[in-house]
Protein chains: 2
Amino acid sequence: MNDDFSPFRLENQLCFPLYACSREIIKRYTPYLDGIGLTYTQYITMMVLWERRSVGVKELGDKLFLDSGTLTPVLKKLEAKGLVTRERSKEDERSLIVTVTEAGDALKTQAAGIPAQISRCSALTPEEAAELYRILYKLLGREATV
Amino acid sequence: MNDDFSPFRLENQLCFPLYACSREIIKRYTPYLDGIGLTYTQYITMMVLWERRSVGVKELGDKLFLDSGTLTPVLKKLEAKGLVTRERSKEDERSLIVTVTEAGDALKTQAAGIPAQISRCSALTPEEAAELYRILYKLLGREATV
DNA sequence: CTCAATTAGATTGTACACAATTTAATTGAG
DNA sequence: CTCAATTAAATTGTGTACAATCTAATTGAG
């Protein structure tokens with residue numbers, strides 16, 4: 001009766017395990033991120049800023065695959081926490097430049113252990129993790145190594 | 001200056017490409033799902049019902065990794081569209097049974113081409129897709145083959 | 001039996017995502 | 001130059017996600 005190869009079975013789709021995995025992994029981050037008062041979206045935004053120090057909203061959106069509709073409220077919250085500043089670019093007033101503050105930079109220290117703690121509970125072998133990583137970036141249409 | 005192996009680089013995390021991929025793939029579904037008037041969450045809910053015909057909210061939540069806080073409004077919307085019915089179980093009044101209607105079942109025909117159309121634009125080889133699938137289910141802590 | 005503990009959904013409140021629209025600044029074809 | 005087209009953010013509205021709480025039904029230890 002139930003065709004195991006039916007294209008309609010949830011288990012026969014790639015989209016579903018991707019969607020479920022993404023949410024499950026983010027849930028594993030939550031208790032650690034609660035400790036530094038960030039949501040996952042705020043955390044990945046800070047990760048870009050920890051590396052780049054200062055970045056335009058457009059470029060931030062390209063990196064995170066998010067648009068201004070999502071980023072504007074996130075950045076306003078980070079600004080309210082005193083972690084970033086938001087200023088219009090002098091060269092192009094349309095562009096908004098986000099810059100990490102001293103407090104924002106200090107948070108990086110507190111976040112130090114998080115990535116390792118998460119990957120420790122992933123149950124994947126290093127080879128599987130590397131392969132997963134490679135395939136996901138292929139799907140995203142970007143090179144894995146930047 | 002920028003350490004390519006820093007655990008803080010977005011590119012060195014698994015969580016980020018998972019999160020970005022999940023959203024990108026769902027975005028690829030959207031134009032097709034618009035055609036049958038469903039959101040992605042509504043679509044995967046209907047997929048379970050197309051296979052099972054009738055299922056409790058608890059079991060639906062286990063399958064989809066979603067709780068009642070998410071499912072209740074989704075199921076009410078599907079009920080409003082006339083695609084499902086929602087009734088308390090006779091044996092256990094705490095449990096709510098969701099059943100696909102005739103109209104809900106008819107929608108399966110309209111959705112027929114969607115999975116194939118999506119996978120056609122994935123750019124992955126069949127081997128990569130299979131490997132991705134296997135690793136994701138390992139991460140989810142479930143067996144890939146149900 | 002009986003009431004405390006458990007369970008299933010619903011509700012509430014917060015925070016994204018994202019499509020669509022709006023506003024303001026910049027650009028470039030003529 | 002100049003105005004239509006483009007671009008960057010912000011805004012608006014809808015729909016999830018999910019933690020926390022609430023309500024009602026069921027269960028099970030004593």
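Model, not experiment: these values are computed from the prediction. Letters A, B, ... are given to chains in the order of the sequence lines, protein chains preceding strands, and every chain is numbered from 1.
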Check: B:Ile97 main-chain N/O paired with B:Arg88 side-chain donor or acceptor under 3.5 Å: no
Stepwise salt bridge (Lys or Arg N to Asp or Glu O under 4.0 Å) test for B:Glu131 and B:Arg134: CA-CA 5 Å; B:Glu131 181 68 357; B:Arg134 186 188 69 76; 3.2 Å; yes
Member of B:Tyr40, B:Tyr29, B:Tyr19 meeting the ring pair (Phe, Tyr, Trp, His ring centres under 6.0 Å) criterion with A:Tyr19: B:Tyr40
OP1 or OP2 of D:dA17 under 4.0 Å from side-chain N/O of B:Thr41: yes
Those residues that, when tested against B:Glu24, pass salt bridge (Lys or Arg N to Asp or Glu O under 4.0 Å) (two or more places apart):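 B:Glu24: salt bridge (Lys or Arg N to Asp or Glu O under 4.0 Å) contacts with B:Lys27.
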Partners meeting salt bridge (Lys or Arg N to Asp or Glu O under 4.0 Å) with B:Asp67 (sequence neighbours left out): none
Measure the [atom1]-[atom2] distance between [X] and [Y] for me, rounded to the nearest 0.5 Å.
{"X": "B:Asp92", "Y": "B:Lys58", "atom1": "CG", "atom2": "NZ", "answer": "12.0 Å"}
{"X": "A:Leu139", "Y": "B:Cys21", "atom1": "CG", "atom2": "SG", "answer": "4.5 Å"}
{"X": "A:Thr41", "Y": "A:Leu64", "atom1": "OG1", "atom2": "CG", "answer": "9.0 Å"}
{"X": "B:Arg23", "Y": "A:Leu140", "atom1": "CZ", "atom2": "CG", "answer": "9.5 Å"}
{"X": "B:Leu38", "Y": "B:Thr45", "atom1": "CG", "atom2": "OG1", "answer": "9.0 Å"}
{"X": "B:Asp105", "Y": "B:Met46", "atom1": "CG", "atom2": "CE", "answer": "7.5 Å"}

Mind checking [X] for me? I need base, sugar-phosphate or nothing, with any heavy atom below 4.0 Å counting as a touch.
{"X": "A:Glu59", "answer": "nothing"}
{"X": "B:Ser95", "answer": "sugar-phosphate"}
{"X": "A:Thr39", "answer": "sugar-phosphate"}

Aromatic ring pairing B:Tyr43/B:Trp50, orientation class (parallel under 30°, perpendicular over 60°, tilted between):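 Ring orientation of B:Tyr43 relative to B:Trp50: perpendicular.
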Just the rounded figure in Å: distance from [atom2] of [N] to [atom1] of [X].
{"X": "A:Leu64", "N": "D:dA9", "atom1": "CG", "atom2": "C1'", "value": "16 Å"}
{"X": "B:Leu33", "N": "D:dG15", "atom1": "CG", "atom2": "P", "value": "14 Å"}
{"X": "B:Met46", "N": "D:dT16", "atom1": "CE", "atom2": "P", "value": "13 Å"}
{"X": "B:Lys58", "N": "D:dA25", "atom1": "NZ", "atom2": "C1'", "value": "16 Å"}
{"X": "A:Asp67", "N": "D:dG13", "atom1": "CG", "atom2": "C1'", "value": "14 Å"}

Contact interval (first through last nucleotide) of DNA chain C with protein chain A, 4.0 Å heavy-atom: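 Both ends considered, the range comes out as C:dA15 to C:dT26.
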Within residues 18-27 of chain B: residues closer than 4.0 Å to DNA chain C (heavy atoms):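 Under 4.0 Å from DNA chain C: B:Tyr19, B:Arg23, B:Lys27.
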Residues from residues 71-90 of chain A lying under 4.0 Å of DNA chain C - heavy atoms: A:Val74, A:Lys77
Residue whose nearest DNA chain C nucleotide is more 5′ - A:Tyr40 or A:Asp92: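 It is A:Tyr40 whose nearest nucleotide is closer to the 5' end.
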Residues, nucleotides or ligands: over 12 heavy atoms within 6.0 Å of B:Arg86 CZ: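 Yes, because the 6.0 Å sphere around CZ of B:Arg86 holds more than 12 heavy atoms from other groups.
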Heavy-atom side-chain proximity of A:Glu128 to A:Leu132 below 4.5 angstrom: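 No. Closest side-chain heavy atoms not under 4.5 Å.
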Pairing pattern in dot-bracket form [Watson-Crick, G-U; both distances under 3.5 Å; | = partner strand] for DNA chain D: ||||||||||||||||||||||||||||||
5′-ward residue of the pair A:Gly69/B:Gly69 relative to DNA chain D: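 Comparing both residues, the 5'-ward one is A:Gly69.
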No-H, no-angle donor-acceptor pair, A:Ser68 side chain to D:dA10 base, under 3.5 Å: yes
